[in-house]
S.K.: 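Sharing a structure, written as structure tokens. Questions coming.
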Amino acid sequence: MRLFTLLVLLCCSGNLLMAQSPTVEALTAYPFPSELRTSATGNRMVLAINQQGRRNLYAAEGPSFTLSKLTDYDSDLGDEITGVQLSADGKWVVFVKGGDHGAYNGTTPRNPASLPEPPEVQVWSVPFDGGAPVLLGDGDEPAIAPGDDQVAFLRDGQVWISPIDGSEKPEPLFYARGENGSLQWSPDGRSLAFVSSRGNHSFIGVYHDNDRRVQWVVPAFAHDSSPSWSPDGKRLAFVRRNSSGGLPDSILAPVHNPWSIWTANIAGGAGSCVWQSPQTPQGAVPTTHGGTNLRWAGKNRITFVSYHDGWPHLYSIPETGGAALLLTPGDFMVEHITLSPDKTWLLASANTGPEGDDIDRRHLIRVPVDQPEMEVLTPGSGIETFPTVTGDGAHVVFFSATATRPTLPAIVDWPGTGKAARLLGEALIPDVLKNAAQVVPKRVEFKAPDGKTVYGQLFEPKGGAAAKPAIVFIHGGPQRQMLLGWHYGDYYANTYALNQYLASRGFVVLAVNYRLGIGYGYDFHKPLFAGRYGASEYQDIKAAGEWLAALPQVDATRIGVYGGSYGGYLTALALGKDSDLFAAGVDIHGVHNYIGRIPPVSAEPAPDAEQAIALARDASPVSYVSTWRSPVLLIHGDHDGNVDFQQSVDLVRRLQQHDVPHETLVIPDETHHWMLYKHQVLVDQAITDFLEKHLIEQKHQ
């Protein structure tokens with residue numbers, strides 16, 4: 001009996017140990033879905049899922065909506081799947097394989113696996129009912145014609161065309177000078193609208209297949225973008241912004257970037273302005289997901305997103321012009337916007353709902369295109385994003401996550417039936433992750449020195465020492481918001497998993513949402529003297545460290561900091577300016593030097609150019625190497641398409657010259673986004689090991 005009891009205790013202890021101390025591999029074993037699309041008719045859907053670097057397409061069809069694997073890419077080569085399109089009849093799936101579409105130039109081939117063959121970015125198609133993928137050609141950004149038999153795509157800034165089944169070789173559709181993009185087929189499939197970017201200006205063009213000519217739509221000394229066809233295909237709506245040039249303006253003053261909505265008759269070519277944004281900083285082009293999100297909807301309305309009431313909200317105007325109708329009033333933001341198949345409803349995700357903590361979540365909303373009668377479709381404690389409606393109008397498909405479950409596709413009947421959402425693909429979450437212990441983060445607020453409110457999520461481990469080491473996690477972007485659950489972005493799904501892992505290792509972790517981020521209104525998103533012109537947001541980071549230091553469960557002498565990209569920049573500032581507060585840190589592909597990265601004082605300088613240069617020097621981490629004492633780990637891939645690898649090369653040399661304790665991890669051929677799963681695990685483990693060494697192990701030596 002004693003032996004049996006001992007065996008039971010040992011088994012229970014082992015299970016508890018596994019639950020309390022998951023590995024990095026366990027917490028990063030989540031499937032990550034993206035590229036969710038539905039067919040224009042019927043009830044077919046397709047999406048991409050990344051399982052530890054194995055990126056594949058999955059398909060489902062009503063009424064069962066059982067996920068089935070459509071492709072068989074079972075090697076971790078870092079070649080992402082993007083640009084997924086589903087033909088209107090649901091018979092073909094078109095996608096792009098390769099590139100790095102989170103980079104500034106997503107079409108640049110990447111080779112994070114260091115393969116001996118040169119990498120490529122290519123357009124492929126595959127039958128929805130199954131079969132081998134067919135290569136359509138080198139290119140990017142495909143657009144399926146409404147007839148479902150042709151695919152237009154971009155190659156070297158020009159538009160090419162291919163049969164969707166790959167039965168013929170692709171060929172150029174037409175030639176237009178400049179970098180062309182934003183392909184939009186007319187409803188009848190006979191014309192193709194596009195944007196021709198030409199540096200200091202851009203045009204809207206329309207290629208007409210019947211007479212093989214390019215028509216320029218109301219060309220002007222302006223930047224035109226975002227073409228959207230009217231439902232009858234006779235008119236286009238588009239966004240117009242000022243062109244480059246003019247008298248140099250203040251660099252440091254609030255940005256006035258007005259924009260307008262224009263419509264044009266394709267037959268006659270005449271156009272007119274139907275709406276003008278307010279001449280205020282808030283009236284500038286929104287910089288949240290999708291920008292203006294311009295759409296020609298039903299009920300003779302044009303819909304868009306604007307920030308001019310202080311929050312990024314949905315608006316609509318009559319197609320003939322008029323006052324903008326605010327569709328989503330309230331202190332919250334909208335993103336991930338789509339139209340219902342009948343074009344009478346807008347769906348989006350928003351950080352609003354019946355609970356006070358919903359400002360740090362996302363829930364699905366819907367609103368008529370012509371009435372401010374918004375409904376929250378998915379209240380609760382989850383994270384719901386990227387809604388789309390099936391072509392038959394019967395279902396809403398979206399992504400769903402919680403504080404302890406990573407993102408999965410989900411489906412719910414079109415609102416009004418009262419049925420709960422159903423998860424798809426739960427079997428894709430491995431048992432090792434399902435059994436891994438996770439904490440539920442707590443929403444917190446505190447004040448910066450200037451009185452501004454700072455927001456965050458606190459991960460608190462259970463048990464352990466009474467005074468624990470703590471870490472401030474700083475997101476990148478900076479136009480991001482960390483949430484009370486698994487994040488809908490791939491980069492931040494990983495950091496959420498890493499924060500859970502750090503908590504399992506005994507750290508108190510604070511994910512800080514600092515000013516410059518989204519989710520808390522215009523003044524928070526667009527503060528003065530921020531970034532390279534003063535880094536006013538850094539006081540939020542310092543306040544986060546001081547707030548942690550004041551907690552009774554935190555050892556104030558063992559507070560670390562880590563972040564990537566813009567978070568790496570702020571990590572470097574924290575270590576350079578406040579080594580007394582931050583005992584160690586990990587700087588991942590951060591920007592370190594803004595000196596020389598602003599308009600110089602020239603023959604016709606901006607009125608505050610010299611002040612801007614001085615602020616850029618003060619905002620650069622390299623200016624604080626002489627006061628930098630805390631040890632740092634610097635991590636960077638040398639094919640980074642977002643932050644130049646030279647930024648870390650230069651900082652390492654300066655740290656060497658000042659004898660600052662540092663370690664480095666360089667990953668050849670890797671990008672900003674850890675395209676290889678093994679590199680993601682390597683980085684996560686290196687971050688943890690470094691912070692443990694300097695904040696836990698040295699405490700006990």
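Hydrogens, waters and symmetry mates play no part in the numbers below; they use all other heavy atoms, side chains included. Not measured: the values here are computed from a predicted model.
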S.K.: Counting the benzene-type ring for Trp, do H475 and Y514 have ring centres under 6.0 Å apart?
M.R.: yes
S.K.: Could you tell me whether D156 atom CG has more than 12 heavy atoms of other residues or ligands within 6.0 Å of it?
M.R.: no
S.K.: Would you please say whether a donor-acceptor pair under 3.5 Å links the side chains of Y520 and N513?
M.R.: yes
S.K.: Please check if any side-chain donor atom of T352 sits under 3.5 Å from a side-chain acceptor atom of D358, or the reverse.
M.R.: no
S.K.: Look at atom CZ of R212 and say whether more than 12 heavy atoms of other residues, nucleotides or ligands are closer to it than 6.0 Å.
M.R.: no
S.K.: How about F174 and Y207: are their ring centroids closer than 6.0 Å?
M.R.: yes
S.K.: Parallel, tilted or perpendicular: which describes the rings of H673 and Y491, with under 30° parallel and over 60° perpendicular?
M.R.: perpendicular
S.K.: Do the ring centers of Y315 and H313 come within less than 6.0 Å of each other?
M.R.: no
S.K.: Are any non-hydrogen side-chain atoms of R213 and Q215 less than 4.5 angstrom apart?
M.R.: yes
S.K.: Are H672 and Y104 close enough that their ring centers fall under 6.0 Å?
M.R.: no
S.K.: Indicate yes or no: does E537 engage R515 in a salt bridge with an N to O separation below 4.0 Å.
M.R.: no
S.K.: Parallel, tilted or perpendicular, judged at 30° and 60°: which one describes the rings of W345 and W414?
M.R.: perpendicular
S.K.: Under 4.5 Å between any side-chain heavy atoms of F398 and S349, yes or no?
M.R.: no
S.K.: Is any NZ, NE, NH1 or NH2 atom of the basic residue among R110 and E80 found under 4.0 Å from an Asp or Glu carboxylate oxygen of the other?
M.R.: no
S.K.: Inspect the surroundings of CZ in R155 and state if more than 12 heavy atoms from other residues, nucleotides or ligands are less than 6.0 Å away.
M.R.: yes
S.K.: Does the pair E35/R37 count as a salt bridge with the N-to-O cut at 4.0 Å?
M.R.: yes
S.K.: Under 3.5 Å, which donor-acceptor pairs link side chains of residues 217-228 to any protein atom two or more places apart or in another chain?
M.R.:
unit_1: H223; atom_1: NE2; unit_2: N200; atom_2: O; d: 3.3
unit_1: D224; atom_1: OD1; unit_2: R240; atom_2: NE; d: 2.8
unit_1: D224; atom_1: OD2; unit_2: R240; atom_2: NH2; d: 2.8
unit_1: S228; atom_1: OG; unit_2: W296; atom_2: N; d: 3.0

